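Values below: every heavy atom of this structure, side chains too, minus hydrogens, waters and symmetry copies. Because the structure is a prediction, the values reported are computed rather than measured. Quick note: residue numbers are just sequence positions, from 1.
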Amino acid sequence: MSQSSKDQEARLDPSIAARLKKDAKGLVAAVVQQYDSRQVLMVGYMDEEALRRTLTTGRVTFWSRSRQEYWRKGDTSGHVQYVKGVSIDCDGDALLIEVDQVGAACHTGHRSCFEAGGPLPAVQGNRTQAQMQSQEGQSNAERR
């Protein structure tokens, strides 16, 4: 196999790369979610190479903004993330990585980084009666 063939294989599929809307540093946010419980575990960042590694190895790889290097979740902690699915959002600026998380996802030892960070005070909104009825009508129409 020629070097150019190897280089081509080591790149993210161009059709996927074209869909990504990266920030000024070439990164997209990657929301990591437990595949079966749907619990949001953490948010990391990926460039094209980290996404390629994630899509082709079955393990999640991120780009560390602080260390400026790739890191594969669990290599030092043993808290591995096994890839179950990867989706891109409609704008191309975020990824959803569904995983089977072994142990804690957060560096603090918590299962989720959002447990470690904790809730913020927020006013809760409520749907109006008309919005609830409209949603119910849409659901009934979809069942037909």
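Each of R38, Q81, K84 was scored for a side-chain hydrogen bond (donor to acceptor under 3.5 Å, both in side chains) with E98, with one residue passing: R38.
Atoms OH and CD, from Y70 and E49 in turn, are 5.0 Å apart once rounded to the nearest 0.5 Å. Between D89 atom CG and K21 atom NZ the span is 8.5 Å, to the nearest 0.5 Å. Between the CD atom of Q101 and the CZ atom of R111 there is a distance of 5.5 Å, given to the nearest 0.5 Å. Residue D36 holds its CG atom at 6.5 Å from CG of D100, rounded to the nearest 0.5 Å. Atom CD of E48 and atom CD1 of I16 lie 10.0 Å apart (nearest 0.5 Å). The line from CG of L27 to CE of M46 is 11.0 Å long, rounded to the nearest 0.5 Å.
Counting heavy atoms from C-beta outward, L51 and L20 have side chains that approach closer than 4.5 Å. At a threshold of 4.5 Å between non-hydrogen side-chain atoms, the residues L96 and V86 do not count as touching. Side-chain atoms of V99 and L41, non-hydrogen and from C-beta on, do get closer than 4.5 Å to each other.
Under 4.0 Å is where a charged nitrogen must lie from a carboxylate oxygen, and between D47 and K25 no such pair does.
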Requested in this report: Go through the steps for Q124 and N126 under the test side chain to side chain donor-acceptor pair (under 3.5 Å), then give the verdict.
Outcome: CA-CA 7 Å; Q124 293 187 5; N126 294 302; over 6 Å; no
Query raised in the report: Which is it for V31 and L95 under the side chain to side chain contact (heavy atoms under 4.5 Å, CB included) test, yes or no, and what are the steps along the way?
Result: CA-CA 6 Å; V31 178; L95 300 166; over 6 Å; no
Requested in this report: Let me see the working for R59 and V80 under side chain to side chain contact (heavy atoms under 4.5 Å, CB included), right down to the final yes or no.
Outcome: CA-CA 8 Å; R59 296 269 308 273; V80 177; 2.9 Å; yes
**Report entry** Verdict with reasoning, E115 to Q39, per side chain to side chain donor-acceptor pair (under 3.5 Å)
**Finding:** CA-CA 11 Å; E115 289 172 23; Q39 179 184 28; 3.0 Å; yes
Requested in this report: Mind running side chain to side chain contact (heavy atoms under 4.5 Å, CB included) on I88 and D93 for me, showing each step along the way?
Outcome: CA-CA 8 Å; I88 188 169; D93 60 359; over 6 Å; no
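Under the rule for a side-chain contact (heavy atoms from CB on, under 4.5 Å), the partners of T128 that lie at least two apart in sequence or sit in another chain are A130, Q131.
The cluster map of Ile, Leu, Val, Met, Phe, Trp and Tyr, joined by side-chain heavy atoms under 4.5 Å apart, puts L55 and I97 in the same cluster. Cluster annotation: V28 and V60 are assigned to the same hydrophobic cluster (Ile/Leu/Val/Met/Phe/Trp/Tyr, side-chain heavy-atom contacts under 4.5 Å, transitive).
Pairs of residues two or more places apart, or lying in two chains, never qualify as ring pair (Phe, Tyr, Trp, His ring centres under 6.0 Å) while including a residue from residues 96-131. Applying the ring pair (Phe, Tyr, Trp, His ring centres under 6.0 Å) rule to pairs touching residues 71-103 yields F62-W71, sequence neighbours excluded.
In plain terms, the two heavy atoms of S64 and R67 that are nearest each other are OG-N, 3.0 Å. C113 and M42 get closest at one heavy-atom pair: SG-CB, 3.6 Å. Considering all non-hydrogen atoms of both residues, S112 and V40 come closest at OG-O, 2.9 Å.
Although no hydrogens or angles enter the test, the distance criterion places a donor-acceptor pair under 3.5 Å between the side chain of T54 and the main chain of T61. With hydrogens and angles ignored, the 3.5 Å screen pairs no side-chain donor or acceptor of T108 with any backbone N or O of A116.
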